[in-house]
Amino acid sequence: MSTPMLEVTDLHKHFPIGTKGLLGKPARWLHAVDGVSFSLERGETLGLVGESGCGKSTTARAIIGLYPPTSGSVKFEGQEISHLTRSERAPFRRRIQMIFQDPYASLDPRQTVASILAEPLKIHRLAKPRERKLRAMQLLDAVGLNPRHIHRFPHEFSGGQRQRIGVARALSLEPDLIICDEPVSALDVSIQAQVVNLLEELQERFGLSYLFIAHDLAVVRHICDRVAVMYLGKVVEIAERDELFGNPQHPYTKALMSAVPHPDPRVERTRERIVLEGDVPSPLDPPSGCRFHPRCIERHKVAGDLCSTVEPQLDTRSACHLTATATAAASI
Amino acid sequence: MATPILDVQNLRVRFETHHGIVRAVDGVSFHLHEGETLGLVGESGSGKSVTNLALMGLVPQPPGVIEADRLTYQGRDLLTLSDRELRRLRGNEISMIFQDPMTSLNPLLTIGRQLTEVLEVHKKLGRREARRLSAEGLDDVGIPEPQKRLDQYPHELSGGMRQRVMIAMGLLCKPKILLADEPTTALDVTIQAQILELMRRLQESHGTAIVLVTHDLGVVAGMSDRVNVMYAGKLVETAEAGPLFEEPRHPYTKGLLGSVPRLTGDPDAELDSIPGAPPDLAALPPGCSFAPRCGFQVARCTEDIPTLFELPTVQSERRSACFEHARLGPTLIADTRGRLNGLDGNPDGDPNEGTPA
């Protein structure tokens with residue numbers, strides 16, 4: 001097998017909370033990402049889903065180097081990039097780009113579109129000043145905006161158009177991998193569909209790989225080839241899209257899917273729902289054993305106190321004592 | 001038929017701004033019956049939240065101006081009530097849940113203080129009794145340890161918890177009408193499922209009528225009896241939930257439903273997005289506001305403003321504000337061509353051919 005485009009192994013990111021003592025040691029550590037592993041092939045889209053606070057955005061930021069990871073490895077085409085210095089990282093930065101959630105906050109309001117799109121080229125010294133403008137116009141055209149609008153400012157565009165500018169900026173350095181952090185969740189549905197279609201079209205055209213972070217499972221199902229489900233800093237299930245949506249294994253995945261309302265009254269009135277109890281526990285004080293066990297409705301199926309004492313490991317598919325026993329039983 | 005609890009006829013809300021007059025709500029009519037849930041759907045800026053605020057008299061005037069041919073709650077004209085009388089209704093008989101519990105709860109007061117205040121003001125209860133009922137209210141919405149929560153401040157609770165406090169507050173006086181403005185939009189799906197379940201249960205036990213404002217078509221599908229679809233301040237389609245989702249009769253509704261990614265069906269099919277963006281309310285296009293984005297456009301659409309046409313259906317009342325609504329119906333496809341051509345004078349009868357010369 002060829003080397004994957006991106007390989008993340010046992011990634012941890014812990015944040016210090018408060019201080020104690022004279023030396024200002026952190027009082028506690030918040031384990032935002034706690035041992036995440038996955039890989040991503042060229043041209044593939046991997047979805048990273050989960051609820052707020054599950055660590056999906058922190059994972060993305062640790063990969064791209066916005067946060068230095070606490071431990072673990074991030075390999076890009078086989079090369080370790082997690083502990084590089086700023087200058088060592090530069091060539092990789094060009095090849096891994098990011099699209100952010102909020103199209104209002106992620107564009108500098110005082111720069112014209114031309115200068116927003118030319119800036120990455122300037123920093124990486126990829127084009128002469130005159131070529132940059134032409135390149136900016138080509139980028140606008142590629143994302144479906146009028147190239148004549150390059151001298152406009154972000155406020156002159158609607159939310160959906162701004163998100164297109166964000167996409168154009170990510171494309172400007174001709175990256176191989178784009179990390180999309182909730183790229184459509186701030187947009188209205190009709191505009192959301194436009195941006196989803198655009199991302200798919202660009203992937204085909206430029207052979208891009210996406211790490212697609214979202215909380216909307218329906219969007220993820222639409223755009224991703226494989227999906228990893230996160231809960232409290234850990235991946236609880238990872239599978240091919242059709243496998244995951246057609247036959248979810250982990251009780252959390254099942255509950256998450258069941259919670260998504262279907263835009264069809266007949267389905268909505270009749271389908272059985274799994275309604276989880278309580279909230280996601282604080283990552284400062286995660287439950288013992290399996291982190292999902294206090295909310296899990298299938299817990300009674302596992303004998304003894306296994307779920308509350310022993311942390312299940314992610315096998316090839318899911319991190320659950322229940323599925324582990326099922327697999328073990330099947331293999332005997 | 002029973003008299004509606006809320007009757008809204010030709011509601012108009014406009015704001016006089018520096019950029020001109022913004023007609024945020026432009027001629028909206030509907031009624032609401034006891035125990036019914038009415039979904040109010042549309043994208044940002046369609047006027048759905050302002051409609052709700054206007055019902056409660058919460059649109060600041062000026063710059064806002066609220067007008068209506070009729071706006072009555074149980075036969076009482078809401079537009080002529082004094083501030084004092086309105087205050088007596090608000091939070092008591094008509095209450096509201098807002099989208100963002102972080103900004104709608106007072107951060108300086110304990111949960112208990114904010115809940116008991118409602119009961120002390122509206123029901124003239126004593127402190128102790130109000131506190132007891134508040135704890136019960138929290139328990140009803142599934143908040144563990146309600147007594148302890150009463151002494152906590154909003155920041156000590158999680159988002160889902162705060163939203164539940166908002167709902168408990170909205171339901172404390174057992175209102176006749178609950179105006180819920182995106183009550184679950186800020187929440188994660190598993191918490192959203194809990195809150196929706198809760199609203200369904202409470203509606204069953206109290207017979208509360210709900211106006212549910214949301215942009216989430218899935219939530220609407222699961223909750224509403226009837227649905228109003230709004231676009232650029234106008235009602236463009238109204239129908240019972242089932243028929244609306246099954247067979248939308250306005251191009252905008254059809255477009256919205258096509259744009260939603262789903263958990264069922266072919267995941268690789270391209271989404272039918274609606275081209276363009278919603279119009280600027282201060283500079284609406286002539287004719288139908290949706291015409292510039294519409295695939296069913298004919299010459300007339302850019303000249304006349306369509307009113308809500310009553311559609312002949314076997315089911316209950318159904319209306320669409322589209323000249324071409326018949327073309328979206330299934331039964332009429334075969335024989336409409338001729339009729340339509342006669343109607344709008346477009347000899348081609350093809351929407352994509354554009355306007356005849």
Side-chain angles (χ1 to χ4, degrees), chain A residues 49-54 144 157-161 184 186-198 200-201 214-224 241-242 245 252 255-269 271 273-282 295, chain B residues 42-46 142 144 157-161 184 186-194 196-198 215-225 227 240-246 252 255-265 267-278 280 293:
Chain A
V49 302
E51 299 179 278
S52 356
C54 72
F157 294 90
S158 69
Q161 289 174 324
V184 297
L187 307 175
D188 273 321
V189 251
S190 71
I191 310 295
Q192 180 176 312
Q194 293 174 4
V195 175
V196 167
N197 289 342
L198 173 71
E200 292 193 311
E201 179 205 314
H215 66 275
D216 186 333
L217 288 174
V219 170
V220 165
R221 174 171 179 266
H222 205 88
I223 203 167
C224 298
R241 174 193 66 192
D242 292 343
F245 284 95
Y252 178 63
L256 199 60
M257 276 183 207
S258 168
V260 180
H262 292 244
D264 182 343
R266 275 182 311 182
V267 178
E268 269 306 283
R269 302 251 150 108
R271 74 188 177 98
R273 293 187 183 80
I274 305 171
V275 177
L276 287 183
E277 298 218 338
D279 289 335
V280 181
S282 160
R295 302 175 79 199
Chain B
E43 298 180 277
S44 341
S46 62
L157 305 183
S158 67
M161 226 40 130
T184 57
L187 304 175
D188 279 316
V189 276
T190 62
I191 307 298
Q192 166 171 288
Q194 291 173 8
L196 295 179
E197 194 65 38
L198 174 78
H215 68 276
D216 188 327
L217 292 165
V219 171
V220 172
M223 298 288 292
S224 317
D225 301 305
V227 181
E240 281 195 359
L244 184 100
F245 279 83
E246 207 161 294
Y252 176 63
L256 264 190
L257 286 169
S259 310
V260 192
R262 294 161 191 260
L263 284 181
T264 50
D268 295 319
E270 195 177 324
L271 295 172
D272 306 330
S273 59
I274 304 177
D280 176 1
R293 303 176 75 190

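Numbered from 1 within each chain, the chains take letters A, B, ... in sequence-line order.
- B:T190 and A:R295 make their closest contact through OG1-NH2, 3.4 Å (heavy atoms, listed as atom of the first residue, atom of the second, distance).
- Atom CG in B:D272 sits 12.0 Å away from atom CD in A:Q194 (nearest 0.5 Å).
- Looking at B:E270, the atoms closer than 4.5 Å to chain A (heavy atoms on both sides) sit in the backbone and in the side chain alike.
- Contacts of B:Q194 with chain A are made by both backbone and side-chain atoms, with heavy-atom separations under 4.5 Å.
- Of all heavy-atom pairs between B:E197 and A:V275, the closest is OE1-CG2, 4.1 Å.
- Minimum heavy-atom separation, A:R269 to B:M223: NH2-C, 4.3 Å.
- Looking only at distances, no side-chain donor or acceptor of A:E268 sits under 3.5 Å from a matching main-chain atom of B:V220.
- Considering all non-hydrogen atoms of both residues, B:L256 and A:V189 come closest at CD2-CG2, 3.6 Å.
- Only the side chain of A:S158 comes within less than 4.5 Å of a heavy atom of chain B; its backbone N, CA, C and O stay farther away.
- Atom CG of A:D188 and atom CD1 of B:I274 lie 9.5 Å apart (nearest 0.5 Å).
- Atom-to-atom distance recorded for B:S273:OG and A:L198:CG is 10.0 Å, nearest 0.5 angstrom.
- Per-residue heavy-atom pair counts under 4.5 Å with chain B were compared for A:E277, A:R241, A:E200, and the maximum is reached by A:R241.
- The shortest heavy-atom contact between B:V189 and A:E51 is N-OE2, 4.0 Å.
- Under the 4.5 Å side-chain criterion, counting only non-hydrogen atoms from C-beta, B:E240 is not in contact with A:P265.
- Rounding to the nearest 0.5 Å gives a distance of 11.5 Å between CG of B:L217 and CG of A:D264.
- Taking 4.5 Å as the limit, some side-chain heavy atom of B:L263 sits within range of a side-chain heavy atom of A:R221.
- For B:S224, the part lying near chain A is the backbone, with the side chain staying farther off; criterion is any non-hydrogen pair under 4.5 Å.
- The two residues A:P261 and B:V219 make their nearest non-hydrogen contact at CB-N, 3.8 Å.
- The distance from atom NE2 of A:H262 to atom OG1 of B:T264, rounded to the nearest 0.5 Å, is 6.5 Å.
- Contact count against chain A (heavy-atom pairs under 4.5 Å) is highest for B:P267 among B:A193, B:P261, B:P267, B:G265.
- Counting heavy-atom pairs closer than 4.5 Å to chain B, the top-ranked of the candidates A:M257, A:R271, A:R266, A:E201 is A:R266.
- For the set A:A255, A:S190, A:G50, the count of heavy-atom pairs under 4.5 angstrom toward chain B peaks at A:S190.
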